[in-house]
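See below for the structure under consideration.
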Amino acid sequence: MPLVTIDVIKNVFTPKQKQDLIAKVTRAMVEVEGENLRGVTWVRIKEFESGDWAIGGQALKASDVQALAAGKAA
């Protein structure tokens with residue numbers, strides 16, 4: 001049974017966006033594995049506190065990711 005884990009920084013995605021992620025990732029998995037496995041396809045979102053995630057030694061905050069999404073430098 002497939003288990004997909006999506007790691008994100010807390011407070012970046014709204015509850016609606018998280019539901020959309022779950023629905024779309026489930027749909028993508030079912031396209032590959034077949035409809036019969038929909039009922040056993042797990043998708044979970046794991047949230048990390050702002051600052052607990054780093055790239056290249058630089059901690060990222062929710063505001064950094066939101067700035068990137070808005071097309072601004074973080």
Heavy-atom closest pair (G51 atom, A59 atom, distance to 0.1 Å) is O-CB, 3.6 Å
On a heavy-atom basis, the closest approach of A62 and S50 is N-OG, 3.0 Å
Separation between OG1 (T41) and CD1 (I22), nearest 0.5 Å, reads 13.0 Å
Salt bridge (Lys or Arg N to Asp or Glu O under 4.0 Å) pairs touching residues 4-13, sequence neighbours excluded, are K10-E49
| query | Does CD belonging to E35 count more than 12 external heavy atoms closer than 6.0 Å? | reply | yes
Output for pair (D64 CG, I55 CD1), nearest 0.5 Å, gives 9.5 Å
Tightest non-hydrogen contact, residues T5 and R44, listed as OG1-NE, 2.8 Å
Next item on the list: Apply the test side-chain contact (heavy atoms from CB on, under 4.5 Å) to residues Q19 and K16: give CA-CA distance (whole Å), side-chain angles for both, the deciding distance (0.1 Å), then the verdict.
Entry: CA-CA 5 Å; Q19 286 299 324; K16 169 76 169 95; 5.5 Å; no
Residues at least two apart in sequence or cross-chain that pass side-chain contact (heavy atoms from CB on, under 4.5 Å) with V40, listed by chain then number, are M1, L37
Review point. When hydrophobic residues are tied together by side-chain contacts of less than 4.5 Å, even through go-betweens, does W42 share a cluster with L21?
Key: no
Are V30 and V25 connected into the same hydrophobic cluster when the rule is that any two of I, L, V, M, F, W, Y join if their side-chain heavy atoms are below 4.5 Å apart? no
d(M29 CE, R38 CZ) to nearest 0.5 Å is 11.5 Å
Taken in chain and number order and not counting sequence neighbours, the residues that satisfy side-chain contact (heavy atoms from CB on, under 4.5 Å) with K18 are F13, I45, E47
Between the CD1 atom in I6 and the NZ atom in K46, the distance rounded to the nearest 0.5 Å is 13.5 Å
**Any side-chain heavy-atom pair of I9 and K61 under 4.5 Å** = no
